[in-house]
Amino acid sequence: MTCYTLGAWKNINKIKIENIQKHLNLWYEKNHRKLPWRETNNPYYIWISEVMLQQTRVDTVIPYFLNFINKFPNIESLAYAHEEEVLKMWEGLGYYSRAKNLHRGAKVIVEDFNGNMPDTLEEIKKIPGIGPYTAGAILSIAYGKRAAAVDGNVMRVFSRLFYIKEDIAESKTRKEMEKIGGHVVSPQNPSFFNQGLMELGALICTPTSPKCIACPLFLECSAKSLGVQETLPIKKKKPKVKTVEVEMAIVYKKKKLLIMKRSTQGLLANLWAVPATERELNFENGKSIRLELEENYGMKVTEGKFQFEKKHIFTHLKWKMKIYFFKLIEESPIDDPEIKWILHDEIEKYVFPTAFMKILKEIESIKADEVCKL
DNA sequence: AATCCGGGGCC
DNA sequence: GGCCCAGGATT
């Protein structure tokens, strides 16, 4: 059995490739899950679903997809929407720049492509938020074109199928995988083939304990024949998790709660939140949230009352959140549209990331009487 | 090439 | 608590 190191994919036996194409397409046709975006070839639906599925599980995406296409049924309706509306539909899904790019992308399609999703690689790559994977997925699934659509699942399948030991965290390996994807994709049905690879990765060729006994490519799999399927793919880079202490201010003016928009850059950019300061743990150089409110907004508040602590884990970041309650003493002299005082039942009008939504939900259960006693 | 950007499920 | 992700943009 061959080990296909860098560049050796050109030597993959032609019969082996044809067998893989035949077995995989038949398996996909018979065994694929019925999902909302698989009911159609509409390029718009395929686009939305593929972007939502980036780094996100199918079960999470389904309700978001249905709500999204209900609210924005076509490219025009998305292009003419306000960004706030688009973000609202994305609330809780994470990686919010995906929603902003989707919105920008719809505008580009309306302005530069006459409102139709382009069907060539060259044009489709001009749309913000569409990279190599999403481009290939749209071309093959919506337009039946012979294009590679290589994501994490496909790299795992390839690494086992062809016994590839290169580190899939490296970009040269990813590029190599894309070449393999373009080389082996079925000319008969590129859509079934690409979706078949991903479905196989999701259902059979799973990261841990792959179900080889049920795999349609059992006989073609190099790793399985050597019994090394569990050791692949090889992925070396490990991001370090940084812990950050975050002070959050729950400020009340009577029964109204203070919220403000986060900065236009960085984590959770441009989304609504309660005022917060971040500082790296073990460094005492941060200002307290109370001082920030006074210096940045000229807002005087009572001494903070520590309420509770909570953790929130992002991919490479751990937030240790300390939540303090304050009462307003003196209004800010600045009239800033990005500062608002809202009643609790108004929080659904604004877009809050999950980390803050959890806090707001906990706050809600604390009685107003208690706040007034501060 | 390295870094940033969420969130949830699983063990 | 640590692991896994159906990536793309920016620097």
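In the text below, chain A, chain B and the rest are named by the order of the sequence lines, each starting its count at 1.
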How long is the line joining NZ of A:Lys242 and C1' of B:dT3, in whole Å? 11 Å
Pairing donors with acceptors under 3.5 angstrom, does anything connect the side chains of A:Thr208 and A:Glu230? no
Distance check needed: C:dG2 P versus A:His316 NE2, whole Å only. 15 Å
Is the phosphate of C:dA9, meaning OP1 or OP2, less than 4.0 Å from a side-chain N or O of A:Lys100? no
Select base, sugar-phosphate, or nothing to describe what A:Lys125 touches, counting heavy atoms under 4.0 Å on all strands. nothing
Atom CG of A:Leu53 to atom P of C:dA6: distance rounded to whole Å? 10 Å
Using a heavy-atom cut-off of under 4.0 Å over every strand shown, decide if A:Thr134 touches base, sugar-phosphate, or nothing. sugar-phosphate
Yes or no on salt bridge (Lys or Arg N to Asp or Glu O under 4.0 Å) for A:Glu178 and A:Arg174, after CA distance, side-chain angles and deciding distance? CA-CA 6 Å; A:Glu178 274 159 17; A:Arg174 207 200 65 233; 3.5 Å; yes
Could you give all pairs that pass the ring-ring contact (aromatic ring centres under 6.0 Å, His included) test and reach residues 11-36 of chain A, with sequence neighbours left out? A:Tyr28-A:His32, A:Tyr28-A:Phe192
Separation of C:dC4 C1' from A:Arg156 CZ (nearest whole Å): 9 Å
P spacing across the pair C:dT11 / B:dG6, given as an integer number of angstrom: 16 Å
Does either side chain, that of A:Thr173 or that of A:Glu170, offer a donor lying less than 3.5 Å from an acceptor on the other one? no
Please work out whether the ring planes of A:Phe314 and A:Trp319 are parallel, tilted or perpendicular, with thresholds of 30° and 60°. perpendicular
Quick one about A:Asn101 and A:Arg98 (side-chain donor to acceptor, distance below 3.5 Å, no hydrogens or angles considered), yes or no? no
Between A:Val154, A:Val157, A:Asn153, which is the residue that forms a side-chain contact (heavy atoms from CB on, under 4.5 Å) with A:Leu200? A:Val157
Position toward the 5' end of DNA chain C (nearest nucleotide), A:Ser49 or A:Ile130: A:Ser49
Just to be sure I understand the rule, does A:Arg104 reach a base, reach only the sugar-phosphate, or reach nothing, if contact means heavy atoms closer than 4.0 Å? nothing
Any base atoms under 4.0 Å from A:Arg33, or only sugar-phosphate, or nothing? Heavy atoms, all strands. base
Contact string for nucleotides 6-11 of chain B, one letter per nucleotide 5' to 3', B = base within protein heavy-atom range under 4.0 Å, S = sugar-phosphate only, - = neither, reads BBB---
For C:dA6 versus B:dC4, give the span between their P atoms, rounded off to a whole number of Å. 23 Å
For A:Val58, which contact category applies under a 4.0 Å heavy-atom criterion: base, sugar-phosphate, or nothing? base
When the distance from CD of A:Glu278 to C1' of B:dC4 is rounded to whole Å, what number comes out? 14 Å
Using whole Å, report how far CD of A:Glu170 lies from P of B:dT3. 13 Å
Is A:Asp59 touching bases, backbone alone, or none of the nucleic acid, heavy atoms closer than 4.0 Å? nothing
Ion pair check, A:Glu348 and A:Lys88, cut-off under 4.0 Å: no
When the distance from NE2 of A:His103 to C1' of C:dG8 is rounded to whole Å, what number comes out? 19 Å
Whole-Å distance, A:Ile127 CD1 to C:dA9 P, equals 11 Å
